[in-house]
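Read the structure below first, then the notes.
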Amino acid sequence: MDTAPFDARDLQVFDEPANLLKALSHPVRLCIVRGLIRKKKCNVSYMQECLDMPQSTVSQHLQKLRSAGIVKTERSGLEVNYVLADPRIASIVAILFGEEECRS
């Protein structure tokens, strides 16, 4: 049985976690995710107001988070809200900021 700590044959298993971390590595996206953890769901207009950024900038960050599978949308009539799609992300953010800071 091979117990080497590093094995190039298994690098594919790191692709998905690395992509999640890449998506979270921007301060605005990390802020958006942390806000969604606290608020549970939110629309782009509210995020735009809180972040004091153009709607197009917020939407671009949200698209990157959606592509990584970190957030998803929920439609309520005409309103589109974003929610956390991957429960692992809440744990990652809690570790980064300390558990008490990420609780709602």
Side-chain angles (χ1 to χ4, degrees):
M1 181 171 156
D2 185 15
T3 59
F6 304 101
D7 187 352
R9 295 172 293 174
D10 291 334
L11 285 178
Q12 304 88 335
V13 301
F14 295 96
D15 286 345
E16 192 257 351
N19 286 330
L20 288 176
L21 293 173
K22 280 185 214 175
L24 288 172
S25 69
H26 193 283
V28 172
R29 291 193 291 272
L30 190 55
C31 181
I32 289 170
V33 169
R34 191 172 184 217
L36 286 174
I37 291 168
R38 290 176 168 175
K39 194 161 168 54
K40 305 299 181 216
K41 67 179 181 178
C42 192
N43 64 34
V44 177
S45 298
Y46 183 84
M47 288 183 221
Q48 172 195 355
E49 196 175 302
C50 290
L51 295 168
D52 193 27
M53 294 182 165
Q55 184 267 330
S56 60
T57 302
V58 175
S59 292
Q60 287 173 357
H61 285 296
L62 286 166
Q63 184 53 45
K64 216 174 238 298
L65 292 169
R66 280 183 74 186
S67 295
I70 294 172
V71 300
K72 63 182 179 181
T73 58
E74 289 182 352
R75 185 172 286 279
S76 176
L78 296 176
E79 187 172 69
V80 177
N81 285 301
Y82 285 85
V83 296
L84 209 57
D86 188 334
R88 297 176 298 172
I89 301 305
S91 298
I92 292 169
V93 172
I95 289 167
L96 290 174
F97 289 99
E99 279 188 355
E100 289 73 33
E101 290 187 43
C102 285
R103 289 187 187 150
S104 35

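The structure presented is a predicted model; accordingly, all values stated were derived computationally and were not measured. For the single chain, residues carry numbers from 1 onward in sequence order.
To the nearest 0.5 Å, the span separating CG on Leu51 from OH on Tyr46 amounts to 10.0 Å. Distance check, rounded to the nearest 0.5 Å: CZ of Arg29 to CD of Gln63 gives 11.5 Å. Remark: Met47 CE to Cys50 SG distance equals 9.0 Å, nearest 0.5 Å. Expressed to the nearest 0.5 Å, how far NZ of Lys40 lies from CD of Glu74 amounts to 12.5 Å. Put simply, CD1 on Ile32 and CG on Leu65 are 6.0 Å apart, with the number rounded to the nearest 0.5 Å. The CG atom of Leu62 sits 9.0 Å away from atom CD of Gln55, with the distance rounded to the nearest 0.5 Å.
Residues Leu21 and Leu36 do not share a hydrophobic cluster, defined by chaining ILVMFWY side chains whose heavy atoms lie under 4.5 Å apart.
A donor-acceptor pair under 3.5 Å is absent between the side-chain atoms of Ser59 and the main chain of Ser56, judged by distance alone.
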CA sep, side-chain torsions, deciding dist, call: Ser45, Glu49, side chain to side chain donor-acceptor pair (under 3.5 Å): CA-CA 6 Å; Ser45 298; Glu49 196 175 302; over 6 Å; no

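Heavy-atom minimum distance, Pro54 versus Gln48: C-CG, 4.2 Å.
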Identify all side-chain donor-acceptor contacts of residues 76-93 below 3.5 Å with residues at least two apart in sequence or on another chain.
| from | atom 1 | to | atom 2 | distance (Å) |
| --- | --- | --- | --- | --- |
| Glu79 | OE1 | Asn81 | ND2 | 3.3 |
| Glu79 | OE2 | Asn43 | ND2 | 2.9 |
| Asn81 | OD1 | Asn43 | N | 3.3 |
| Asp86 | OD1 | Arg88 | N | 3.0 |
| Asp86 | OD1 | Arg88 | NE | 3.1 |
| Asp86 | OD2 | Arg88 | NE | 3.2 |
| Asp86 | OD2 | Arg88 | NH2 | 2.7 |
| Arg88 | NH1 | Glu16 | OE1 | 3.3 |
| Arg88 | NH2 | Glu16 | OE1 | 3.4 |
| Arg88 | NH2 | Glu16 | OE2 | 2.6 |

